[in-house]
Amino acid sequence: RAGIDVRMVTGDNLDTAVAIAKNCGILRPQDLEPDPAHAAGERPKPKRALEGREFRALVHRTHADGSLALDEEGKPEFLQTQFDKVWPYLRV
């Protein structure tokens, strides 16, 4: 109602984070899809829950070997246009 969109960032195992996010209402029913192979019978839709490694690969420039490309200051090169494609969906 206040227009605040809660997101979750954690170092927990992704399955643990997803379970907590579901219980807290951070992951809503429309963020999930059926998955009979998963213990809970459902999983987050694409881009709704990402591990750090996958998130970094999506929003930073990478080399062919998968390592992060660094800018002139030695920091990973951030790709704002890629981030803008991910953040509207990302919940966990």
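Residues take their numbers from the sequence shown, with the count starting at 1. Keep in mind that this is a model prediction, so the values were computed, not measured. Below, all heavy atoms of this structure are taken into account, side chains as well, without hydrogens, waters or symmetry copies.
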So which atom in [X] and which in [Y] form the shortest heavy-atom distance, rounded to 0.1 Å?
| X | Y | result |
| --- | --- | --- |
| Lys22 | Ala40 | NZ-CB, 3.9 Å |
| Ala49 | Leu14 | CB-CD1, 4.1 Å |
| His63 | Ala69 | NE2-CA, 3.5 Å |

Any side-chain heavy-atom pair from [X] and [Y] closer than 4.5 angstrom?
| X | Y | value |
| --- | --- | --- |
| Glu33 | Glu42 | no |
| Leu27 | Arg48 | yes |
| Val92 | Pro44 | no |

Please write out which residues are connected to Leu68 in a hydrophobic cluster, directly or through intermediates, given that two of Ile, Leu, Val, Met, Phe, Trp, Tyr count as joined at side-chain heavy-atom separations below 4.5 angstrom. none
Shared-cluster residues of Val59, by chain and number - hydrophobic side chains joined below 4.5 Å: Leu50, Phe55, Leu58, Phe78, Phe83, Val86, Trp87, Leu90
With [X], which residues qualify under side-chain hydrogen bond (donor to acceptor under 3.5 Å, both in side chains), at least two apart?
| X | value |
| --- | --- |
| Arg56 | none |
| Asn23 | none |
| Asp65 | Ser67 |

Worked check of side chain to side chain contact (heavy atoms under 4.5 Å, CB included) between Leu70 and Glu77: CA-CA 5 Å; Leu70 304 180; Glu77 188 176 340; over 6 Å; no
Is it the case that over 12 heavy atoms from other parts of the model lie below 6.0 angstrom from the CZ atom of Arg28? yes
Flag yes if more than 12 heavy atoms outside Arg7 fall under 6.0 Å of its CZ atom; otherwise flag no. yes
I need the Leu32 CG to His38 NE2 distance, nearest 0.5 Å. 10.0 Å
The complete set of salt bridge (charged side-chain N to carboxylate O under 4.0 Å, His left out) pairs with one or both residues in residues 83-92, sequence neighbours excluded, reads Asp5-Arg91, Asp31-Arg91
